[in-house]
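Take a look at the structure below.
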Amino acid sequence: AQKITQTQPGMFVQEKEAVTLDCTYDTSDPSYGLFWYKQPSSGEMIFLIYQGSYDQQNATEGRYSLNFQKARKSANLVISASQLGDSAMYFCAMREWTAAGGTSYGKLTFGQGTILTVHP
Amino acid sequence: DGGITQSPKYLFRKEGQNVTLSCEQNLNHDAMYWYRQDPGQGLRLIYYSQIVNDFQKGDIAEGYSVSREKKESFPLTVTSAQKNPTAFYLCASSISIGEGTDTQYFGPGTRLTVL
């Protein structure tokens, strides 16, 4: 089963409008973290926002907010007032605790990504 | 400026050759990671290191090797045993593994092409 599912291969939005990028996850770990990254055409992965599984409030960072619905296991990214520079690939990722080599570490698993195109 | 640097940006290799990708960070992070990204795909973990002189295999370690002799540096060697090495390679670091938000920050990547 997919740990992280991003069902939208591509999304289009008009400049200055809001857009929601979907992400659902699957875990039995009670303690986990959810991340969103932006990858422009240059290739670098840019951290956008983080939500912990125990956080009561939805995370916000400037124009980015995370719509966290724990019971539905969804962590959608909302970008408000879209800009042309927001055009990029967006990845949802989940951190779970994993045992390896006698220690545990927070393993990050990425979804397949959503390509966002902002039209002027 | 603090950050992660990777070199070279583009790398071409002939079949049967080993190549080493450089990753350096000056963020004073303990943990470092190597990921592979294939076209249209998400990232897959190759190796990670929690501390100097220690590293662990990730999901797709076969055909790769790493070293962690210095806190700042985590080079990745793509050996001739890697069957399909053409890909985009990303290095990342975090303050520590699994604590707090433990956000991973990424370098600009190296695009490896096998001729």
Side-chain angles (χ1 to χ4, degrees), chain A residues 2-10 21 23 25 29 31-55 59 61 64 66 88-115, chain B residues 3-6 8-11 23 27 29-51 53-61 66 68 87-112:
Chain A
Q2 290 284 341
K3 289 275 190 180
I4 293 282
T5 303
Q6 295 182 250
T7 58
Q8 307 153 315
L21 306 183
C23 173
Y25 59 92
D29 189 343
S31 176
Y32 54 90
L34 296 157
F35 299 78
W36 277 91
Y37 286 87
K38 171 184 177 182
Q39 186 177 42
S41 57
S42 60
E44 184 172 358
M45 297 284 283
I46 301 167
F47 166 70
L48 296 178
I49 197 166
Y50 165 82
Q51 179 86 41
S53 59
Y54 295 119
D55 293 343
E61 288 287 348
Y64 304 108
L66 202 152
M89 178 80 94
Y90 288 80
F91 288 96
C92 179
M94 176 174 64
R95 186 196 65 225
E96 299 173 283
W97 289 97
T98 300
T103 62
S104 63
Y105 79 102
K107 179 181 177 181
L108 208 57
T109 302
F110 287 82
Q112 300 282 68
T114 296
I115 299 175
Chain B
I4 303 171
T5 57
Q6 291 185 243
K9 187 173 182 178
Y10 298 96
L11 185 57
C23 177
L27 300 168
H29 286 172
D30 284 322
M32 297 187 74
Y33 314 79
W34 273 105
Y35 291 90
R36 169 181 172 138
Q37 185 179 28
D38 292 288
Q41 303 293 316
L43 278 64
R44 292 183 292 167
L45 181 67
I46 305 172
Y47 268 97
Y48 68 97
S49 168
Q50 299 190 61
I51 199 167
N53 292 323
D54 180 71
F55 49 83
Q56 302 292 337
K57 293 181 180 180
D59 295 324
I60 55 165
V66 294
R68 186 87 187 275
F88 188 53
Y89 291 87
L90 285 154
C91 177
S93 72
S94 64
I95 292 175
S96 64
I97 284 186
E99 294 183 18
T101 62
D102 184 34
T103 299
Q104 293 184 24
Y105 297 93
F106 286 80
T110 292
R111 197 166 299 278
L112 172 65

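Because only heavy atoms are used, hydrogens play no part in the values below, and waters and symmetry mates are left out as well, while side chains stay in.
- Between A:Leu108 and B:Tyr35 the shortest side-chain heavy-atom distance falls below 4.5 Å.
- Both the backbone and the side chain of B:Gln104 come within contact range of chain A, each with at least one heavy atom under 4.5 Å from a heavy atom of that chain.
- The minimum heavy-atom distance between B:Phe88 and A:Gln39, with the atom names listed, is CE2-NE2, 3.9 Å.
- Neither the backbone nor the side chain of B:Asp54 comes within contact range of chain A; no heavy atom of the residue lies under 4.5 Å from a heavy atom of that chain.
- The distance from the CG atom of A:Leu48 to the OG1 atom of B:Thr103 is 11.0 Å, given to the nearest 0.5 Å.
- Residue with the most contacts toward chain A among B:Gly109, B:Ala92, B:Gly58, B:Gly42: B:Gly42 (heavy-atom pairs, distance under 4.5 Å).
- Proximity to chain B (any heavy atom under 4.5 Å) is shown, for A:Glu96, by neither the backbone nor the side chain.
- More than 12 heavy atoms of other residues, nucleotides or ligands shown are found within 6.0 angstrom of CG on B:Leu27.
- With respect to chain B, the highest number of heavy-atom pairs below 4.5 Å among A:Glu44, A:Gln51, A:Lys107 belongs to A:Glu44.
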Between B:Leu43 and A:Tyr37, does a side-chain contact (heavy atoms from CB on, under 4.5 Å) hold up when you go through it step by step?
CA-CA 11 Å; B:Leu43 278 64; A:Tyr37 286 87; over 6 Å; no
